[in-house]
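Following: one structure in structure tokens, then a few remarks.
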Amino acid sequence: AREGVKHGAYVLVDCEGTPDVILMATGSEVQWAVAAAKTLAAEGVKARVLSMPSLEWFEDQDEEYKEAILPKSVKARVSIEAGLALPWYKYLGDCGKAVSIEQYGLQGDGGQNMIDLGITAEHVVEAAKASIEEARA
């Protein structure tokens, strides 16, 4: 992980062979990507989780590194962001789905707010399945 951080993004959880979907997140949102990947794996879906602590540093990497962790051939992608999804769209492509908060937050318990705003592993699983379906169409 330490080596990956200096690249701005790295594979945190991988699968055998080519992934069916790539889940991308940063910071505290990575927990939902990891949990979703476990759920998907139990259903026979191969998911790769990318921890992307710095999109700017990732942009500075050569194309070989970018392609190695975020291959263009994998069209099903999901970003998880407890904020606006705008910076993620360049990585989502045509079939990707953003799990994000496109409104001002809520007052109250932070954990409950994430549930109320749709930032959950279950929502990530739903988005992954929708992205896979769209990529296959």
Side-chain angles (χ1 to χ4, degrees):
R2 187 178 317 186
E3 184 67 23
V5 169
K6 75 178 189 180
H7 294 290
Y10 59 95
V11 177
L12 180 64
V13 176
D14 211 352
C15 59
E16 291 284 328
T18 303
D20 297 315
V21 64
I22 298 174
L23 309 176
M24 304 172 284
T26 186
S28 63
E29 290 89 329
V30 172
Q31 66 182 312
W32 293 297
V34 171
K38 288 179 184 175
T39 299
L40 290 165
E43 296 177 10
V45 177
K46 297 187 293 186
R48 173 180 288 174
V49 175
L50 298 184
S51 177
M52 299 182 75
S54 175
L55 301 181
E56 293 81 12
W57 292 356
F58 181 62
E59 279 303 310
D60 290 340
Q61 302 311 304
D62 60 38
E63 291 304 314
E64 184 178 345
Y65 181 79
K66 291 179 190 177
E67 180 66 19
I69 68 167
L70 187 58
K72 292 178 178 84
S73 63
V74 181
K75 304 291 185 193
R77 300 173 176 190
V78 177
S79 65
I80 304 104
E81 177 67 53
L84 298 176
L86 186 61
W88 294 98
Y89 284 113
K90 72 184 302 174
Y91 306 112
L92 289 173
D94 294 337
C95 302
K97 304 295 179 194
V99 175
S100 62
I101 301 173
E102 302 295 321
Q103 67 183 52
Y104 288 106
L106 304 173
Q107 291 185 351
D109 175 71
Q112 185 60 47
N113 287 346
M114 291 294 106
I115 293 168
D116 293 344
L117 293 167
I119 307 295
T120 64
E122 293 80 13
H123 196 181
V124 174
V125 168
E126 291 171 14
K129 289 177 179 178
S131 185
I132 291 167
E133 187 68 31
E134 194 168 321
R136 291 182 178 160

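The basis for the numbers below is simple: all heavy atoms, side chains too, and nothing from hydrogens, waters or symmetry mates.
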If we only count heavy atoms from C-beta on, is the Leu50 to Leu23 side-chain gap below 4.5 Å? no
Report the distance from atom CG of Asp20 to atom SG of Cys15, rounding to the nearest 0.5 Å. 7.0 Å
May I have all residue pairs that pass ring pair (Phe, Tyr, Trp, His ring centres under 6.0 Å) and include part of residues 57-90, sequence neighbours excluded? His7-Tyr65, Phe58-Tyr91
What heavy-atom pair brings Pro53 and Tyr10 nearest, and what distance separates the two atoms? CD-CE2, 4.3 Å
When every non-hydrogen atom of Ala135 is compared with those of Cys95, the smallest separation belongs to CA-SG, 3.6 Å
Closest contact, heavy atoms only, Ala47 versus Leu40: CB-CD1, 4.1 Å
Minimal heavy-atom distance between Ala33 and Val49, with the atoms involved, is O-CG2, 3.6 Å
Pairwise distance CD1(Ile69) to CD(Glu64) - rounded to 0.5 angstrom: 12.5 Å
Same hydrophobic cluster for Leu84 and Ile80, using side-chain heavy-atom links shorter than 4.5 Å among ILVMFWY? no
Can you find a pair of side-chain heavy atoms, one from Ile22 and one from Pro71, that are under 4.5 Å apart? yes
Enumerate the residue pairs fulfilling salt bridge (charged side-chain N to carboxylate O under 4.0 Å, His left out) with a member in residues 123-137, sequence neighbours excluded, ordered by first and then second residue. Glu43-Lys129, Lys97-Glu134
Charged N to carboxylate O below 4.0 Å: is that the case for Lys72 and Glu67? yes
Heavy atoms only: give me the nearest Leu55-Pro87 pair and the separation to one decimal. CD1-CB, 3.8 Å
Would one find more than 12 heavy atoms of other residues, nucleotides or ligands at under 6.0 Å from atom CG of Asp94? no
Distance from Thr120 atom OG1 to Gln31 atom CD, nearest 0.5 Å? 11.0 Å
Examine distances only and state if a side-chain atom of Ser79 and a backbone atom of Met24 form a donor-acceptor pair shorter than 3.5 Å. no
If you round to the nearest 0.5 Å, how far is OG of Ser131 from NZ of Lys75? 11.0 Å
How close do Val30 and Ser51 get, counting heavy atoms only, and between which atoms? CG2-OG, 4.0 Å
Quick one, Leu86 with Glu81, criterion side chain to side chain contact (heavy atoms under 4.5 Å, CB included). Give me CA distance, side-chain angles, the key distance, then yes/no. CA-CA 10 Å; Leu86 186 61; Glu81 177 67 53; over 6 Å; no
Side-chain heavy-atom pair Leu70, Arg48 within 4.5 angstrom cut-off: no
What is the distance from atom CD of Glu29 to atom CD1 of Ile101, rounded to the nearest 0.5 Å? 8.0 Å
